[in-house]
Protein chains: 2
Amino acid sequence: MTDGVVERVRPRDRILETARDMFHKHGIRGVGIDAITEAAGTNKMTLYRHFESKDDLIIECLRATACSANAMWEKFEAENPGDKLAQLHAWVRMAADCLMSDRRGCDMANAAIELSETDHPARQVIKELKEAQRERLVSLCRDAGIGQAELLADTLSLLLEGARVSLQSVGAEGPSAQFVRMAEGLITSFRAR
Amino acid sequence: MTDGVVERVRPRDRILETARDMFHKHGIRGVGIDAITEAAGTNKMTLYRHFESKDDLIIECLRATACSANAMWEKFEAENPGDKLAQLHAWVRMAADCLMSDRRGCDMANAAIELSETDHPARQVIKELKEAQRERLVSLCRDAGIGQAELLADTLSLLLEGARVSLQSVGAEGPSAQFVRMAEGLITSFRAR
DNA sequence: CTCTAACGTTACAGACCGGTAACACCCTAG
DNA sequence: CTAGGGTGTTACCGGTCTGTAACGTTAGAG
């Protein structure tokens with residue numbers, strides 16, 4: 001037993017959580033190791049005992065982000081068991097909430113843009129995780145009885161990705177403000193064939 | 001007269017062109033001043049005689065990018081004078097060509113993501129230029145006789161923005177491969193009201 | 001209590017960054 | 001020819017970055 005009442009958070013988890021938050025807010029290249037360790041209430045040596053390098057830390061952060069995303073998918077299923085169409089609408093609502101509550105977009109996409117080297121170790125992780133998300137959305141559309149499920153899923157994906165980017169370049173009053181109307185309109189249109 | 005036959009390219013223009021190319025390929029934070037001057041066949045002092053700072057150089061690069069974009073709009077009008085619908089289709093083709101010939105997306109959006117500080121001097125420029133692009137597309141849709149012109153223009157904007165990002169995270173075989181079909185489908189759908 | 005493994009502290013290496021100073025050069029306008 | 005502005009060269013400053021070495025400290029398991 002580590003503690004009686006309060007579960008002490010291990011340095012590794014504090015580092016991971018802090019790094020995720022800071023990478024998200026300031027970008028990967030905009031945050032240094034020293035800043036992360038200080039914000040996490042620890043030090044550089046401890047970080048390098050748990051992570052091989054900054055690249056390794058980046059990858060672990062992206063994996064953690066993917067875990068959060070998977071948790072959301074399970075929430076969709078838990079809150080609308082069996083009702084795939086309701087889950088699709090829940091996906092739209094979740095996306096809109098993300099757009100309104102956060103101005104810094106998708107960690108995966110931001111990382112892909114920041115880490116421009118084609119052979120960067122994080123690129124493979126990003127690709128795998130994005131492809132997994134795509135698969136889930138396609139399956140959801142298909143199971144919701146939509147004909148051209150792949151096309152709808154891909155269109156919704158691009159719309160969300162674009163809205164996240166637009167939010168950062170033109171702000172909340174830009175095209176991203178219409179995301180829900182666009183997405184719902186698309187779903188209606190595809191359901192009508 | 002600067003030269004008889006060959007117009008010598010001034011160092012300032014070489015720096016600007018080289019910086020644009022390198023910022024585009026490797027990101028803003030991924031390229032140093034030394035690398036730019038060396039690739040431009042000049043030196044650091046000359047750069048700082050023409051640009052106040054790196055931030056200033058970044059802003060000038062973004063303005064140059066905006067000029068290129070404006071040139072494209074004029075090309076649309078020149079090649080399809082008066083035919084706004086044809087110009088809209090030309091916009092889709094141009095966007096698709098960009099997606100296929102270049103894997104690094106939009107300089108404005110990439111810069112907005114990289115320069116996460118909300119008070120960065122480049123942010124205002126990015127916002128202005130993106131808003132100008134939006135205005136042009138809205139006008140084009142309206143002049144093409146489309147009812148909900150703003151909604152179509154914003155949807156197309158987000159689709160393109162998303163496709164450019166998706167290209168960088170999942171690659172050319174991802175959702176961005178369907179961009180033309182999505183865009184043309186949307187135009188058809190909006191024209192039918 | 002003792003032993004051990006995790007954690008903290010300090011210092012440092014080596015590289016790179018943006019930016020500046022001082023000076024030599026060359027090419028062209030007059 | 002001459003003056004002067006644009007350019008090239010070298011060296012340097014102060015700062016920041018990732019990553020490591022050596023050593024001290026703490027806390028929990030047995």
Side-chain angles (χ1 to χ4, degrees), chain A residues 1-20 22-23 25-62 111 114-117 119-123, chain B residues 1-20 22-23 25-62 111 114-117 119-123:
Chain A
M1 241 133 288
T2 52
D3 225 341
V5 181
V6 179
E7 185 80 2
R8 261 207 71 193
V9 181
R10 305 297 247 175
R12 187 183 194 279
D13 297 327
R14 293 198 323 254
I15 292 171
L16 206 58
E17 203 66 18
T18 308
R20 274 185 69 186
M22 297 186 75
F23 285 156
K25 281 182 187 155
H26 312 297
I28 290 173
R29 285 183 156 137
V31 175
I33 296 293
D34 293 285
I36 294 171
T37 55
E38 189 186 341
T42 177
N43 56 78
K44 200 152 44 169
M45 271 315 300
T46 301
L47 186 149
Y48 279 105
R49 285 188 190 110
H50 288 290
F51 304 94
E52 284 186 2
S53 63
K54 186 179 181 180
D55 282 347
D56 185 35
L57 175 61
I58 293 167
I59 290 174
E60 291 305 314
C61 284
L62 293 177
E114 267 197 289
L115 309 174
S116 55
E117 311 116 47
D119 60 341
H120 194 286
R123 291 214 143 258
Chain B
M1 239 133 291
T2 50
D3 223 339
V5 181
V6 180
E7 183 80 3
R8 260 207 71 193
V9 182
R10 305 298 246 176
R12 188 183 194 279
D13 297 328
R14 283 181 353 236
I15 291 170
L16 207 57
E17 202 68 19
T18 308
R20 272 186 72 188
M22 296 185 76
F23 284 156
K25 282 181 187 156
H26 309 113
I28 291 174
R29 294 211 237 233
V31 175
I33 297 293
D34 294 284
I36 293 173
T37 54
E38 189 186 340
T42 178
N43 56 76
K44 202 153 41 169
M45 272 315 300
T46 300
L47 186 148
Y48 279 104
R49 285 189 191 108
H50 289 290
F51 303 94
E52 284 186 3
S53 62
K54 186 180 181 180
D55 282 347
D56 185 36
L57 175 62
I58 292 167
I59 290 174
E60 291 306 314
C61 284
L62 293 177
E114 265 197 291
L115 310 174
S116 54
E117 312 116 49
D119 59 342
H120 194 286
R123 291 212 143 259

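Naming convention: chains lettered A, B, ... in sequence-line order (proteins, then strands); numbering from 1 in each chain.
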Round to the nearest Å and state the distance from [X] atom [atom1] to [N] atom [atom2].
{"X": "B:Asn43", "N": "D:dG6", "atom1": "CG", "atom2": "C1'", "value": "11 Å"}
{"X": "A:Tyr48", "N": "C:dT9", "atom1": "OH", "atom2": "P", "value": "18 Å"}
{"X": "A:Leu115", "N": "D:dT18", "atom1": "CG", "atom2": "C1'", "value": "15 Å"}
{"X": "B:Asp13", "N": "D:dG6", "atom1": "CG", "atom2": "P", "value": "14 Å"}
{"X": "A:Ile15", "N": "D:dG19", "atom1": "CD1", "atom2": "P", "value": "14 Å"}
{"X": "B:Leu47", "N": "D:dG8", "atom1": "CG", "atom2": "P", "value": "11 Å"}
{"X": "B:Lys44", "N": "D:dC13", "atom1": "NZ", "atom2": "P", "value": "14 Å"}
{"X": "B:Ile33", "N": "C:dC16", "atom1": "CD1", "atom2": "P", "value": "16 Å"}

Is any side-chain N or O of [X] closer than 4.0 Å to OP1 or OP2 of [N]?
{"X": "B:Thr42", "N": "D:dG8", "value": "yes"}
{"X": "B:His50", "N": "D:dT7", "value": "yes"}
{"X": "B:Thr46", "N": "D:dG8", "value": "yes"}

Check nucleotides 22-25 of chain C for protein N or O atoms closer than 3.5 Å to its own N or O atoms and list the pairs.
none

Do A:Ile15 and A:Leu57 have side chains that approach each other closer than 4.5 Å (heavy atoms only, starting at C-beta)?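 They are in contact (side-chain heavy atoms under 4.5 Å apart), so the answer is yes.
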If we only count heavy atoms from C-beta on, is the B:Ser53 to B:Asp56 side-chain gap below 4.5 Å?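 Yes; the side chains approach each other to less than 4.5 Å.
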Any side-chain to backbone donor/acceptor pair from B:Glu114 onto B:Arg29? Under 3.5 Å, distance only. yes
Looking at A:Glu52, I want to see if its CD is surrounded by more than 12 non-hydrogen atoms of other residues, nucleotides or ligands under 6.0 Å. no
A quick test of your reading: do over 12 heavy atoms of other residues, nucleotides or ligands sit less than 6.0 Å from CD of A:Glu38?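 Open: at most 12 neighbouring heavy atoms sit under 6.0 Å from CD of A:Glu38.
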Pair B:Thr46, B:Asn43: side-chain N/O donor-acceptor within cut-off below 3.5 Å: yes
Nearest nucleotide by nearest heavy atom, which residue falls closer to the 5' end of DNA chain D, A:Lys54 or B:Arg14?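 Closer to the 5' end of DNA chain D: B:Arg14.
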Let me confirm one number: the CD-CG distance from B:Glu60 to B:Leu16, rounded to the nearest 0.5 Å. 6.5 Å
